[in-house]
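Notes follow the structure.
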Amino acid sequence: MLPGEWNKKLIDTNVRDLTDEDILWADYVFISAMSIQSESANQIIERCKRLNAKIVAGGPLFTSSPEYYQQIDHLVLDEAEITLPLFYVI
């Protein structure tokens, strides 16, 4: 759903660890999570904040309780197909 000309990495933290180098490489760290993944999502958010990385978060975890994620730079709280294109047009 992101522009083809963007350099992107997809890191599934169920398959491999997210490194600080991965975070520092990114202009934005995109996170998607379900409620059951809140602990690991919070750990990633803390690491991103410590490394001064910008965060874009979406998915059921953030949509169901955005009030707990005010430290996130950009929340995608609707269906990403609807709201994400508005993000990268700006």
Shortest non-hydrogen contact between S32 and G59, atoms and distance: OG-CA, 4.0 Å

Contact summary for A41 and A33, nearest pair of heavy atoms: CB-CB, 4.1 Å

Nearest-0.5 Å distance, [atom1] of residue [X] to [atom2] of residue [Y]:
{"X": "D27", "Y": "K8", "atom1": "CG", "atom2": "NZ", "result": "12.0 Å"}
{"X": "I31", "Y": "S40", "atom1": "CD1", "atom2": "OG", "result": "9.0 Å"}
{"X": "L61", "Y": "N42", "atom1": "CG", "atom2": "CG", "result": "7.0 Å"}
{"X": "L51", "Y": "L24", "atom1": "CG", "atom2": "CG", "result": "5.0 Å"}

Aromatic ring pairing F62/Y69, orientation class (parallel under 30°, perpendicular over 60°, tilted between): perpendicular

Is there a side-chain contact between [X] and [Y] in this structure, where contact means two heavy atoms from C-beta onward sitting under 4.5 Å apart?
{"X": "H74", "Y": "Y28", "answer": "yes"}
{"X": "I45", "Y": "I72", "answer": "yes"}
{"X": "I44", "Y": "L18", "answer": "yes"}
{"X": "I55", "Y": "Q71", "answer": "no"}
{"X": "R16", "Y": "I11", "answer": "yes"}

N7 and W25: CA distance, side-chain angles, deciding distance, side chain to side chain contact (heavy atoms under 4.5 Å, CB included) verdict: CA-CA 10 Å; N7 292 320; W25 173 87; 4.0 Å; yes

Shared hydrophobic cluster for V29 and Y68 (ILVMFWY, side-chain gaps under 4.5 Å): yes

Residue pair D73, K54: steps toward the side chain to side chain contact (heavy atoms under 4.5 Å, CB included) verdict: CA-CA 6 Å; D73 298 291; K54 298 283 187 194; 3.7 Å; yes

Electrostatic pair D22:R47 at N-O distance under 4.0 angstrom: no

Audit row: E39, Q43, side chain to side chain contact (heavy atoms under 4.5 Å, CB included) steps and yes/no: CA-CA 6 Å; E39 185 176 334; Q43 290 171 357; 3.8 Å; yes

Other residues, nucleotides, ligands: >12 heavy atoms within 6.0 Å of D12 CG: yes

Verdict with reasoning, R50 to C48, per side chain to side chain contact (heavy atoms under 4.5 Å, CB included): CA-CA 5 Å; R50 188 178 73 245; C48 288; over 6 Å; no

